[in-house]
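Everything on this sheet refers to the single structure shown next.
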Amino acid sequence: MPWEFLGALPQAQRPNRTPTEQRTTTAPPHTPPSVPSKDRAVTQHPSHPPHGHRRARRGKRLLGVALGAGLIAGAITLPNAGAADGPELIVNGDFADGTTEPWWWTADNPGEVVDGQLCADIPGGTSNPWDAIIGQNDLALTAGESYELSYTATATAAASSRTAVQQAEEPYDTELSVVDQIGTEPTTFTHVFTVGADNDAAQLVFQVGGKADPYTLCLDDISLTGGAEPPVYEPDTGSPVRVNQVGYLTEGPKQGTFVTESTDAQTWTLNDASGAEVATGETTPLGVDPSSEQNVQGFDFSEVTAPGDGYTVTIGEETSEPFAIGDDLYSTLRSDALAYFYHNRSGIEIDAELVGEEYARPAGHVNEAPNQGDDGVTCWKNECDYTLDAAGGWYDAGDHGKYVVNGGISVAQLLSSYERTLTTEGANGEPLGDGALAVPEQGNGVPDILDEARWQLEFLLSMRVPEGEQLAGMAHHKLHDAAWTALPTLPHQDAQPRELHPVSTAATLNVAAAAAQGARLFAEYDPEFADELLAAAESSYAAAVANPDLLADPNDGVGGGAYSDAKLTDEFYWAAAELFVTTGEDTYKEAVLGSELHGDAEGVFPPGGFSWGETAALGGLSLATVPNALSEAELAEVRATVAEAADGLVELAGGEAYGVPLGVDGYVWGSNSQVLNNMVVLATAHDLTGETAYRDAVLTGLDYLLGRNPLNLSYVTGYGERDVHNQHHRFWANQLDPSLPNPPAGSVAGGPNSALQDPVAEDLLQGCAPAMCYVDDIESYSTNEITINWNAPLAWIASYADDLGGGAAE
Ligand code: 9MR
Ligand code: 9MR
């Protein structure tokens, strides 16, 4: 890169801040003199203080580093000393000539060279990291190359820096984004990262705002070089003896997996909490599991039916995590998984009385500064001339978007958890009933799970284009921030403009389907609301039929997810099925029976799991379980389709070393929800037929999610000895700010995603086996986010599992 160009642009011309920063900072142009060449700089300042201590440190590789990407203790091996041998990309990183060029900063924190370091007084009282930045632009990065960033920092009071190497303009995609804790002693930070996309003018930023009190920050020896060895990530997988860390139902299947080099059978022993041997047997060598690339063996102690806590399985020198055998393993999971929805409500204060002090927070997006409010939201790019009152609903995930397509499936699965208790023998509605859950509507005479669902149903209705407008009846695809906010940002702190994105057929069909289902369930409790839901469902469906191919733009992903979906036969099937179940009308029946999906087990129930983008299963399951106007023969066919799909999943799970109903190709973004949704199909088949094989595959699926897996992790927060707890969430961001909580118990992480779609996963997980592509790091949103549409099937399954009791046949 031509060295003379560096620092030649005044700051005002540099799009060097995140979108928020750009809006809120009014930095006067900071025009540095053109940068002298390094040689000249040195000769011009022969008497520059020697900084002997720094020079000495610079020659050798800096040890005693604070690991930024190393958020997982002990998980990272640093590259060898001197490994990053590429040319230095940072200009004037040692401030040796006494000047600050080409460094830039935000208006209120001018930098100057003090004792050979770049120091700046950082004002107190700002809210965001990016309210005070020191940065350098014009860094040329090459895709696929690994870089090492190192620098030394001191602050007069403990502070943190969101240190990022990122695009210097929207959407500010980051190649490195870490939070470094800077103390009063000089600390050297070293981060190695691999670049995903070429960029000839990236920026390095130290975002150091957001502190209540002012402090002085000094930076020195800032270096960015290519040619680094990517860190070798070795996940800490604990014991090779893998079990469900919560436990096994008294009368249920009890299997585990042993990871070993050995191909010979081994002896396992089951010990109780006192250490006494309860049972013993031989393992079954299973060979190399393609999903984890581990050589594994299986063991089975289903014969043991003595309830108790603190059981362990030992094989040779290795002992599993402890677990229980019992009849009541999943009752708290049922209510915890459902509490997730109240926690993530928009537009209402989250009450300490219901969730505890730690999780209480002010209402988000209710028009109190700095929030812009969701009660009068305008269209993105001014594409419409109306505003919508779309307050309420649930935040989708770790971000503050509200999306109709994942909102629809989520509310539908809550409604189905409830509806199952009306249609299935042995399913208990009480734990979902009035007064049973953490919702503020307790005591209103309506089952709490319906109260929770209503919060979202009303939001879905509010996303529709008003009467009299051209696309009346169609639903907007989503509502979210104009730009991504940083982590952490609590909902009420979000200052971004909120925008409605265009209508889509998929969103409209989500409204139709969820509202149709809601209509039949609210009829008993609130007939007026039920009528409103049904009218909305019918007009939405009609609008979708009239506008069948308005697709969400896959590139509309700034400030919120795209949620694009090019195939809508499944959404049409789902909506028609729900409308038919609710109304019995022929038009809907014809749409169901005439669908190319109808009767196609893999079409309705994709073996990779149904999801927000594959929704036919929701319709198929309602048709199979909720009394409706199909003929007996037609109903038998629908149920046979469920059983056929479930048979396929039993076979799939039976062939998996970890008993999971997901194949090697299934480890996509949110894979744990794909597993859960396959479990919903299996559980429904069990409800319909009473076949134990279906139930057993649900339970081995739970085993997988709760610890019997390649990483020996329970993917559900608060459950199991080795539970994950650093999910990508803007409030539950304890990993970034110790004053904030971790996610509450009962939240399921997205799970292994072999596509490595975030910077942390890209850096740490290169070459991972599909079921190992996961890291419990808050910045790994593509493996470790939490969402409403993932917790909804968790709640459904927890409810089913709790209803099993000890699993004895009825
Ligand atoms: O949170 C991330 C944000 O800081 C980045 O700018 C953005 C870039 O694409 O990606 C992240 O956004 C994720 C968001 O926070 C929540 N869900 C998934 C998003 C990426 O799809
Ligand atoms: O769950 C979504 C997943 O299926 C997609 O592959 C991914 C990328 O488009 O987006 C996921 O949804 C995220 C959304 O885009 C933004 N909010 C958080 C969601 C979960 O990570």
Side-chain angles (χ1 to χ4, degrees), residues 171 173 196 340 344 346 364 393-410 413 477-487 489 491 494 496 498-499 501 504 506-507 510 551-567 570-571 606 608-615 662 665-677 715 724 726-733 743 747-762 770 773-794:
D173 281 346
Y340 181 92
N344 285 287
S346 178
W394 300 316
Y395 299 118
D396 143 79
D399 57 309
H400 299 143
K402 302 196 298 195
Y403 308 86
V404 172
V405 286
N406 81 320
I409 183 174
S410 306
Q413 292 196 289
H477 197 65
K478 53 179 188 162
L479 179 184
H480 59 67
D481 290 335
W484 291 110
T485 55
L487 275 71
T489 300
D494 175 10
Q496 283 291 311
R498 306 283 279 175
E499 292 167 339
H501 288 244
S504 73
N510 268 262
L551 301 182
D553 178 355
N555 297 315
D556 176 9
V558 175
Y563 281 115
S564 62
D565 183 2
K567 178 179 74 76
D570 52 313
E571 279 81 7
F610 68 90
S611 65
W612 64 265
E614 284 282 357
T615 56
L662 193 72
D665 298 331
Y667 293 88
V668 297
W669 193 317
S671 65
N672 284 338
S673 74
Q674 308 298 124
V675 171
L676 281 160
N677 281 330
Y715 289 115
V724 299
N726 288 317
Q727 281 65 44
H728 184 84
H729 195 277
R730 279 164 172 70
F731 170 24
W732 302 332
S747 312
V748 65
N753 171 10
S754 60
L756 308 187
Q757 287 164 287
D758 64 72
V760 174
E762 278 167 28
C773 300
Y774 169 83
V775 56
D776 185 19
D777 183 320
I778 193 164
E779 303 281 2
S780 182
Y781 49 82
S782 78
T783 77
N784 200 32
E785 196 154 351
I786 30 186
T787 77
I788 49 172
N789 54 303
W790 303 340
N791 242 64
L794 177 68

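Just so you know, ligand 1 is whichever comes first in the structure, and atom 1 is the first atom listed for that ligand. For the numbers below, each heavy atom of this structure counts, side chains included, while hydrogens, waters and symmetry mates do not.
Applying the 4.0 Å criterion to heavy atoms of Asp396 picks out, from ligand 2, the atoms 16 (C), 17 (N), 18 (C), 19 (C). Each of the atoms 18 (C), 20 (C), 21 (O) of ligand 2 lies under 4.0 Å from some heavy atom of Glu785. Close contacts of ligand 2 with Thr787, meaning ligand atoms under 4.0 Å from a residue heavy atom, involve 20 (C). Of all atoms in ligand 2, numbered sequentially from 1 with element shown, those under 4.0 Å from a heavy atom of Ala397 are 18 (C). Per-residue contacts place Tyr563 under 4.0 angstrom from the following atoms of ligand 2 (heavy atoms of the residue considered): 12 (O), 13 (C), 14 (C), 19 (C).
Checking only distances, Trp790 never comes within under 3.5 Å of ligand 2, N or O to N or O. Remark: ligand 2 and Asp399 share an N or O pair separated by less than 3.5 Å (distance only, no angle test). Not one N or O of Trp484 is nearer than 3.5 Å to an N or O of ligand 2, by distance alone.
Ring geometry, Tyr563 versus Trp612: the interplanar angle exceeds 60°, so the pair is classed perpendicular (tilted spans 30 to 60°).
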Check against side chain to side chain donor-acceptor pair (under 3.5 Å), Asn344 and His729
CA-CA 10 Å; Asn344 285 287; His729 195 277; 3.0 Å; yes
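Closest heavy-atom contact between Gly670 and Trp790: CA-CZ2, 3.5 Å. The two atoms that bring Thr783 and Asp758 nearest to each other are N-OD2, 3.9 Å, heavy atoms only.
Between Asp556 and Lys478 there is a salt bridge, since a side-chain N of the basic residue sits under 4.0 Å from a carboxylate O of the acidic one. Look at Asp396 and Lys402 and you find no salt bridge, because none of the NZ, NE, NH1 or NH2 atoms lies under 4.0 Å from a carboxylate O.
The closest non-hydrogen atom to atom 4 (O) of ligand 2, taken over Trp612, Tyr781, Trp669, comes from Trp612.
The ring pair (Phe, Tyr, Trp, His ring centres under 6.0 Å) check on Tyr715 picks up Tyr774, with sequence neighbours excluded.
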